Structure formats: structure tokens, C-alpha cells
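These notes are about the structure you will find just below.
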Amino acid sequence: MKKGDHLFLVDGSAYIFRAYHALPPLTRKSDGLPIGAVSGFCNMLWKLLRNARDTEMGITPTHFAVIFDYSSKTFRNDLYDEYKANRSAPPDDLVPQFGLIREATRAFDVACIEQEGFEADDIIATYCRLACEAGGDTTVISSDKDLMQLVGPTVGMYDPMKDKEIGVDEVIEKFGVPPEKMIDLQALTGDSIDNVPGVPGIGPKTAAQLLEEFGDLDTLLAKADTIKQKKRRENLIEHADNARLSRELVTLRDDVDLELPLDALTLDELDGPKLIGFLKAMQFTSLTRRVAEQTEADAASIEAAEVPVEWEEARGPDLDPGEGPSKDDVLPGSSADGMTPQAFAESRAAEIRDIAFDHEKYETVGNIQHLREWIAEARERGHVAFDTETDSLDPMQATLCGFSLAVEPGRACYVPLCHREGEGDLLGASSLSDGQIPEKEALDALRDLLADPACLKIGQNIKFDMLVTARYGLPLVNFDDTMLISYVIEAGRTAGNQGGHGMDPLADRWLGHKPIPYKEVCGSGKSAITFDRVPIDKATHYAAEDADITLRLWLAMKPRLVAEGVVSVYERLERPLVPVIAKMEEAGVSIDRQILSRLSGEFGQQAAGIEAEIYEMAGESFNIGSPKQLGDILFGRMGLPGGSKTKTGQWSTSARVLEDLAAEGHPLPRRIVDWRQLTKLKSTYTDALPGYIHPETRRVHTSYQMAATTTGRLSSSEPNLQNIPIRTSEGRKIRTAFIAEPGNVLISADYSQIELRILAHIADIPQLRQAFADGIDIHAMTASEMFGVPVEGMPSEVRRRAKAINFGIIYGISAFGLANQLSIERGEAGEYIKRYFERFPGIRDYMDSTKAFAREHGYVETLFGRRAYYPDIRSSNHSVRAFNERAAINAPIQGSAADIIRRAMIRMDGVLEEAKLDAKMLLQVHDELIFELPKDQADAAIPLIQEVMENAAMPAVDMAVPLQVDAQAASNWDEAH
DNA sequence: GGATACAATTA
DNA sequence: CTAATTGTATCCA
């Protein structure tokens with residue numbers, strides 16, 4: 001190696017894990033071999049090497065190697081035997097990919113390096129040092145912070161997934177310290193993934209600040225006693241040794257005795273046919289094609305290589321028979337001929353991922369002719385991505401600032417409508433910016449596009465855009481929603497990261513692209529501006545990018561619906577519900593301010609009285625709302641026996657614990673429970689709800705999230721109208737404030753025991769089926785089966801226990817949970833469960849087979865084919881696994897019920913309309929629908945609503961158990977329910 | 001101001 | 001023991 005040479009070092013092991021989690025899971029079409037990470041790896045290597053051969057741009061490596069960890073045990077374990085002890089075994093579908101990635105490296109004719117006893121990072125550090133000494137430059141292909149300590153004048157890093165170079169400045173930007181201080185920073189923060197201890201309570205921000213102040217770790221530890229913050233000071237002093245140990249653990253060794261010298265890493269000419277053989281074996285069609293083009297090899301004449309792989313499973317995809325793609329699922333430019341849907345979806349996703357973003361190419365549309373051209377092109381093509389920009393996240397309040405369109409990847413525009421400039425605080429002082437089409441003219445043109453049934457509008461969370469455009473008098477027909485497509489294909493796969501199905505995480509996962517952050521355009525906090533204040537050129541970059549991303553996501557994801565056999569879930573349970581829910585949100589519900597205000601006063605007074613009693617009993621005043629202070633009083637000063645502890649080691653003051661104390665004769669805990677209940681009712685409901693009354697409609701418009709839960713349920717927020725109190729008489733009063741307009745009534749229609757009925761159907765339990773067919777009290781029946789007590793004259797306590805068990809079954813019962821619920825010993829709860837399974841062995845069979853299915857496939861299905869993914873069900877951690885098993889048992893039951901009410905909601909409008917009823921569906925509360933309609937139509941509507949709901953599973957599923965719906969009309973929600 | 005913990009509410 | 005959202009307290013930047 002000599003001056004001017006450039007060494008590329010790929011951190012192979014880190015890449016594998018990152019690619020596995022970040023990229024959509026791919027499988028080889030012929031046998032289901034998982035190859036997602038391999039695919040990402042090959043695409044990355046190809047990109048790096050292709051750039052390498054293009055001397056016009058980028059850096060040209062002369063030396064190249066991929067480095068892997070050899071085994072998990074290294075010299076660091078001798079320093080600290082807990083090192084990396086938190087690492088769980090790699091997922092089953094990643095294991096075969098380790099070998100494949102090494103094969104891929106060889107197919108690319110690149111050095112593949114691993115050495116026993118050392119981590120890839122140490123080998124990388126050593127090569128870096130050698131290259132530097134020889135006068136060459138190095139680029140480390142990784143984004144691992146552990147490697148950032150190597151960055152310097154001749155060493156850079158490159159994050160292949162974010163296409164981002166990391167130099168000295170980037171390290172400082174990200175961590176607030178220069179690379180040479182990264183070791184000290186990591187020593188302080190530790191690393192929970194690698195189980196490096198660090199100092200508790202110190203995160204990257206604090207660490208950077210401390211190092212800035214003290215210079216380095218040793219100085220810091222020596223002067224730790226001068227630190228002001230108490231906790232921080234104590235932790236630094238107490239854990240100083242851990243910090244020193246951590247420093248040793250995170251310091252990379254650059255003196256590894258290398259098996260392969262630096263000069264052996266020279267980059268050879270690519271062997272096209274060899275690489276193509278491998279890619280063909282993996283069935284990477286689009287990369288094969290590109291490599292063939294580049295190397296001028298004849299791909300057709302090259303046979304797929306034999307690639308050794310340890311993989312026993314050979315399962316095909318589970319396509320629902322007879323459920324083909326519908327007409328509008330035939331995608332533009334489709335080259336699916338001769339390909340399986342799976343292979344097509346894969347190659348499409350890979351194709352889309354490779355198209356670069358260029359914000360400069362987006363157009364701003366400032367005259368009507370230009371807009372008409374865009375709309376004509378969209379209608380010509382038959383599909384267009386559409387996104388509105390507004391000044392509010394609330395679609396019922398939002399003012400339209402502009403909209404964007406995208407017709408093909410990279411080709412997108414923004415149409416500003418009412419951007420303003422100048423001071424806004426004085427009336428009329430701001431003025432409309434130049435270069436905007438008059439709003440009415442632009443909207444009239446847009447109407448032709450949105451109302452055109454022959455042109456598919458593609459949105460991300462299109463319910464929002466639908467509500468906004470509806471308020472401007474524009475109907476939106478024929479649409480797709482990328483958020484819902486994502487929800488159908490990977491509910492639960494993506495839990496954790498924000499939103500899961502929001503634009504940012506989707507763009508990251510499917511396109512490897514980070515959109516312009518909203519904060520960068522509009523600022524945040526106090527200095528935030530509304531979108532109409534954003535300069536138009538800046539707005540175009542942001543808004544057109546959103547439409548561009550939406551279009552790309554649609555292109556990349558939609559074929560997956562077919563590939564995974566879930567088209568009907570999307571087309572029958574998700575998409576048609578969008579306009580239904582939009583209408584419900586738009587309708588809103590009427591709330592009586594006066595009732596709430598009166599209740600607020602009552603609750604406030606009662607709470608104040610109880611507060612005084614509490615201080616009296618406690619002998620001092622304190623903040624009752626602080627669990628910490630309350631715990632100190634109850635279990636410290638007053639010396640009451642503590643029950644359980646919370647996960648942070650505090651004494652629990654949950655209602656459960658307090659009620660147990662009350663039962664032992666202590667008067668104070670009871671009052672605490674009462675106080676909490678009243679303050680909850682006041683703050684969350686009677687005080688907060690009036691604030692949600694819309695200034696113009698005078699009604700409350702909740703927002704339903706269609707892609708928020710793993711099971712298929714909706715959720716409601718701002719305000720949440722799915723948790724309005726009902727259990728206690730005090731809470732119930734709040735429901736009287738939900739009223740019908742004068743002359744109208746509310747109808748509440750709810751499914752009776754729908755989840756138990758679904759369980760009886762799915763698990764096929766004869767006694768349960770019979771009981772539901774006969775209309776018997778199901779909990780009493782369970783009690784009599786289990787305890788041999790006749791239903792007649794059964795003590796209520798016996799029935800209560802049976803009821804808790806029935807619920808427990810639906811929740812994937814555990815002795816711990818049941819014991820907690822019933823305040824009994826775990827052993828006794830275990831006995832109950834045992835006895836239950838003896839009487840209903842079919843339930844145990846259902847649970848076992850559901851668990852087995854989930855473990856094998858990674859997901860479970862509802863009666864209607866909706867999937868809920870539980871990737872952690874294979875966790876080696878017992879409690880994580882058990883939790884996922886319970887969730888997997890519950891999901892088909894809860895999810896099937898959710899699917900049934902969705903079907904009812906989708907059909908409801910048409911049925912009511914046909915019957916000439918002016919009923920409006922207002923709310924959904926999981927198993928209940930609320931309608932508002934003229935008083936004199938209630939008698940006609942009730943049986944119709946019941947019929948639609950009771951038959952909602954038909955004809956897709958013919959339930960072995962009848963569904964029963966109870967419905968009543970009244971002037972408020974309390975009486976209707 | 002943002003993140004986290006805990007407790008409340010619902011089906 | 002399943003699935004959610006919201007409000008208050010608390011800690012830290």
C-alpha cells in the first residue's frame with residue numbers, strides 16, 4: 001500500500017444485523033429461504049464496487065475487505081465475563097443468512113476476513129492503523145458508534161443505509177465530542193446492547209457535557225466530588241470503577257496479529273459470471289440484470305451456482321385460494337409475467353429502493369396552465385400520489401395551504417395556494433406570496449382529478465386529506481392508502497419505532513431515505529411557524545418530497561399484498577372503511593357543556609373534601625397525586641405493610657394494593673382510591689372534554705386511528721371517546737352529557753359477549769356453542785361446569801370467579817394474572833386453570849396450536865385473514881416469550897371481533913340509506929356503535945342496525961355461534977347504553 | 001420542553 | 001391475564 005491508495009473496510013457483522021432489522025423480510029421464491037439481509041448486503045457491495053470503478057465520482061478503493069466477527073467469545077470476556085451477555089440468539093430466519101453473506105463476499109471476489117478471539121472492530125482498527133502508517137486513506141463502511149473512535153484525518157466512515165459519510169464533524173455533531181473522546185464518552189454511557197456497564201443516569205448528552213467541562217474521563221473521575229447535581233455526583237463516584245472497566249471494553253485493539261497482510265487486500269477485477277451465478281441462485285433478478293449489463297456478461301447463459309446453506313424449512317407462501325388480485329392491483333409497468341407474486345414484489349421493492357432522490361427536480365406550480373398539465377398527466381397515467389399541506393394536524397380545523405402531486409418516482413410538484421409573507425401579528429399586515437394560483441381556480445381543477453374514478457389517488461393516511469378536501473367541497477373517490485397497506489402487511493412487525501406505519505419509518509424501511517424533517521421547515525416549540533408561512537421554494541422541497549415518497553412506497557409495497565395473500569383484508573376491511581370513518585369524524589357528537597361544568601364542580605368539591613380527610617388521617621399534607629410521596633407516607637411514615645413493588649423498585653400504590661389494605665381495615669387507602677377516581681373524572685373528562693368542542697360545528701370530533709393497534713382494533717384520540725366512564729355511578733354521569741340534538745335520539749348497539757362467542761367458534765367448544773345457542777348466562781354455565789354448582793341460586797362470588805376466568809382465557813391466561821385479578825394465591829389460581837382445561841380441553845388445544853402456529857410463522861391470523869406479527873415469540877427470554885404467546889392467543893379473538901364490527905360499519909351506510917333513514921353513525925367503541933337520528937325513525941332503525949351487525953361475518957365466515965346485538969334509543973348515551 | 005413512570009379510564 | 005389513551009408528577013436538558 002502506498003500514498004494515494006484507499007482501503008475500504010466493511011463491518012460485515014454489524015451490517016447483517018442492521019439489514020435484517022431495517023429491511024423488509026425477503027424470502028427466496030422457490031423454497032422460502034430467508035434472504036433479506038443477503039439481498040441488502042449484495043446491493044450495498046455492488047454499489048460500493050460500482051462507484052469504485054467509476055473514476056469520475058466518489059472514492060476509488062484500491063484495497064477492499066469485509067470483516068466479520070468470528071465468535072462471540074473474545075478477549076473482552078476475560079476482562080468482564082458479562083460482556084455482551086445481553087445478546088440473545090439471532091432470529092431463526094437470520095441464521096442461514098450468515099453463511100450466505102460470506103458466500104456473497106466470495107462471489108464478489110472480495111477478501112472475507114474473520115479471526116478467532118477478536119471482534120471485527122479490532123481487526124478493522126488494526127488495518128486502519130497499518131493503512132495510515134503506509135500513507136493510505138481508509139473508509140470504514142459502518143455506522144456503529146464503537147468504530148467512531150477511529151475517525152481522523154485519514155480515516156472516514158460511511159453509513160451505507162443512510163448514504164451518509166461520517167467524518168470528524170459528523171461525530172461531533174452527533175455526540176458532541178471529537179472522535180478521540182468517543183472512548184471516554186462510551187465509557188460513561190455504557191451500552192445496554194453489549195452489556196457495557198457505564199455510569200447509571202448518564203446518557204450521551206450528559207457525558208458530552210461532562211467531557212467538555214473536565215476534558216477526559218480520568219480528570220472527571222478525579223474531580224467527581226465537585227459536581228453539583230447530587231445523583232450524578234454519587235453515581236460517578238460509586239461507579240468510577242465501572243467507567244474504567246467500560247473504557248477498557250470499548251477501546252479497540254489495533255495490534256491484532258493479522259492472518260492476512262494489508263497488501264493482500266488489493267481489489268481484483270470483478271468476475272462477472274461467478275457473481276451472476278451466485279445472484280441467480282439467490283433469485284435476485286434485478287441485481288442480476290444490472291450486474292450483467294455492467295460486466296457485459298450474458299446472464300441467460302449462466303447457470304445458478306450451487307450455494308451451500310443450512311436450512312431445513314421449505315415452505316411455500318400461504319396464498320388464500322381463489323383470491324387473486326383485483327383489477328386495480330395490476331400495477332403500472334408490471335413485468336410480472338412469468339414471475340411469482342413474491343418474486344415480483346421483491347424485485348419491485350429493490351428497484352424502487354435504488355432510485356435516488358433529487359429535491360431540486362421538484363416543480364413549483366404557479367399558474368393554472370401548468371397545473372392542468374400535471375392533472376392531465378396524472379389522469380393519463382391512471383394514478384397519482386396526492387398530499388395536502390395544512391396549518392394544523394386536526395383535519396377539522398386545518399386550512400389548506402397547498403397540495404402536492406407525484407406521477408412517477410422523482411417527478412413531483414407542489415401547488416401552493418395561500419402562502420403568506422410579512423408580519424402576521426398586525427391585522428392585514430401580511431400578504432399573499434406571489435406565484436400562486438387563485439385558490440378557487442386551483443381547487444376547481446383539482447376537483448376533476450379527485451372526483452375522477454378512473455384515476456387512483458394514492459395517499460399516506462389519506463383519511464386526513466379526504467377530510468380536508470371534503471371541507472373545501474371536493475369529494476375524493478378511488479384511492480389507495482400506503483399507511484393501510486403497510487398496516488395490512490406488517491402489523492406488529494414494526495412495533496416500537498415511532499408510528500410504525502407513518503411516513504418517516506416507512507420511507508426509512510422501504511426506501512432507505514430520510515425525509516426532510518418537518519422541524520427543519522417549520523421549526524419547533526415557540527418559534528414554530530405554520531406551513532403557509534414557509535417560503536414557497538422551501539415548501540416545494542418538503543411537500544413534493546412527501547408525494548414522491550408516497551408514490552414510491554405504493555409502488556414498492558402494493559405488490560406485497562398479492563405476494564402475501566392479504567389483498568382481501570386490504571380491500572374489504574381497510575380501504576372501504578376510510579370514507580366511513582371520515583364521515584363519522586366529520587359528524588362528531590354533541591356534548592352538553594353545562595352538564596360537564598356542573599359535574600366538574602361536584603367532583604372538585606368532593607375531591608377537596610376527601611383531600612382534607614386524607615391530610616387529617618395522614619397527619620400532614622402532601623401531594624396525593626405523587627405516587628412517590630404517597631408511598632413514603634403509607635409505607636414509610638405510617639408503616640403499613642407494602643404489597644408489590646413497581647419495576648423501578650418503588651412501593652406500588654395501585655388501586656389493587658390500596659383496596660387490599662382497605663380490606664384489612666385501614667381507612668386511609670380507601671379514601672386515596674376515591675380521590676384518585678374523582679380527580680381522574682374531573683381532569684380527563686369533565687374539564688378536558690369541553691375544550692374539544694369545535695367552534696363552528698359545536699360538536700366534538702374525535703380522531704380514529706386505523707393503523708394503531710396490532711390486532712385490528714381502531715383507537716380514538718383527541719379526545720379518546722372509547723374510554724368514557726361507565727363502571728361507577730359517578731363516572732356514568734359523564735355519559736349523560738353525550739346527547740342527541742333536539743328532535744333526535746342516540747342509538748347504542750353493542751355486541752353481547754362477542755369475544756367469547758368467537759372463541760367458542762374458533763376453538764369449537766361444544767358446551768360454549770350450546771350455551772350461546774340456548775341463550776344461557778355464559779359465566780354461570782362456566783361456573784357450574786367447573787365447580788359443580790347449579791346455576792339456580794348460584795352465589796355471586798362463584799359466578800364472579802368464573803367470569804374472571806373466562807376473560808382470562810381470552811387474554812391468554814396465566815396463574816399470575818388470574819391470581820392478581822381475583823386477589824387469590826397463585827396456587828389456587830393455577831388449580832382453577834387446571835380444572836378449566838379439564839372441563840374444556842378444546843381451549844387448551846386452541847391455545848397450544850395457536851402458539852405453535854405463531855412460533856412457526858411469526859404471526860397469527862383472524863377469521864378474515866388479517867395477520868398480527870409477533871416476531872418476539874421466539875425470544876429466548878422467558879417472560880418476553882410468554883407475553884408474546886399470550887398476545888398471540890388473544891389477537892385472533894380480539895382481531896376477529898374487530899374485523900366483524902368493521903364489516904358491519906362498512907355495510908351500515910348503504911343499508912340505512914336504502915331504508916331512507918337519516919341515521920348518522922357517530923362513534924365506535926370496539927363492540928358498540930352509536931348512531932344519531934330523528935326520534936321517529938328509531939323504531940325502524942334499531943332492528944335494521946341489529947341485523948347488519950349480527951350478520952356482519954357472513955358470507956365470508958359462517959359462524960357456528962350466533963352473534964347477538966342489543967340496541968336501545970335514548971336522548972343521551974348513558975340511557976341508550 | 002421532552003422523556004419516563006405511574007395510575008386512571010374503556011372494551 | 002389482551003388491546004388502547006390521557007393526565008400528573010418527576011427528572012433532566
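To find a chain, count down the sequence lines: A is the first, B the second, and so on, and within it residues start at 1. Atoms considered below: every heavy atom in the structure, side chains included; atoms not considered: hydrogens, waters and symmetry mates. Just so it is clear, the structure is predicted and the values come from calculations on it, not from any experiment.
Residue A:Glu828 qualifies as enclosed at atom CD: its count of foreign heavy atoms under 6.0 Å is above 12. More than 12 heavy-atom neighbours from other residues, nucleotides or ligands sit within 6.0 angstrom of CD on A:Glu838.
Look at CG on A:Leu818: it is 14 Å from C1' on C:dT2, rounded to the nearest Å. The interatomic distance linking A:Glu718 (CD) with C:dT5 (P) rounds to 11 Å, in whole Å. Note: CD1 (A:Ile824) to P (C:dC1) measures 13 Å, nearest angstrom. A straight line from CG of A:Leu630 to C1' of C:dT10 spans 15 Å, rounded to a whole angstrom. For the pair A:Leu714 CG and C:dA3 P, the computed distance is 16 Å after rounding to whole Å. Nucleotide C:dT10 holds its C1' atom 17 Å from the CZ atom of A:Phe622, rounded to whole Å. In this structure, A:Ile809 atom CD1 and C:dC1 atom C1' are separated by 10 Å, rounded to whole Å. To the nearest angstrom, P of C:dA13 lies 9 Å from CD1 of A:Ile202.
Less than 6.0 angstrom separates the ring centroid of A:Tyr859 from the ring centroid of A:Phe853. When ring centroids are compared, A:Phe840 and A:Tyr836 come within the 6.0 Å threshold.
Backbone-only engagement by A:Asn623 is indicated by non-hydrogen atom pairs under 4.0 Å involving sugar-phosphate atoms exclusively. A:Ile813 comes within contact range of at least one nucleobase, with a heavy-atom separation under 4.0 Å. When heavy atoms are screened at a 4.0 angstrom cut-off, A:Phe816 is found touching the sugar-phosphate backbone but no base atom. A:Gln705 comes within 4.0 angstrom of nothing in the nucleic acid, heavy atoms only. In this structure, A:Ser814 reaches the bases: a heavy-atom distance under 4.0 Å links it to at least one base atom across the strands shown. Across all strands shown, A:Ala688 has heavy atoms under 4.0 Å from sugar-phosphate atoms exclusively, and none from any base. Heavy atoms of A:Tyr704 sit nowhere under 4.0 angstrom from any nucleic acid atom.
Residues A:Asp632 and A:Gln629 bring no donor and acceptor atom of their side chains to less than 3.5 Å of each other. Residues A:Gln606 and A:Glu730 have side chains that bring a donor and an acceptor to within less than 3.5 angstrom of each other.
You'll find that the side chain of A:Ala804 is closest to C:dC1, out of C:dA3, C:dC1, C:dT8.
Under a 3.5 Å cut-off, the side chain of A:Thr206 and the backbone N or O of A:Ile202 do not form any donor-acceptor pair.
Close to C:dG7, at under 4.0 Å from its OP1 or OP2, lies no side-chain N or O of A:Thr684.
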Could you list the protein-to-nucleotides 1-3 of chain B atom pairs, N/O on both sides, closer than 3.5 Å?
none

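In this structure, CG in A:Asn972 is found 13.5 Å from NZ in A:Lys733, a value given to the nearest 0.5 Å. One distance of note links CD1 of A:Ile754 with CZ of A:Arg757; it measures 8.5 Å at 0.5 Å rounding. Atom CZ of residue A:Phe738 and atom CG of residue A:Leu922 lie 11.0 Å apart, to the nearest 0.5 angstrom.
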What string of B, S and - do you get for nucleotides 4-11 of chain B, 5' to 3', when a contact is any protein heavy atom under 4.0 Å?
-SSSBBSB

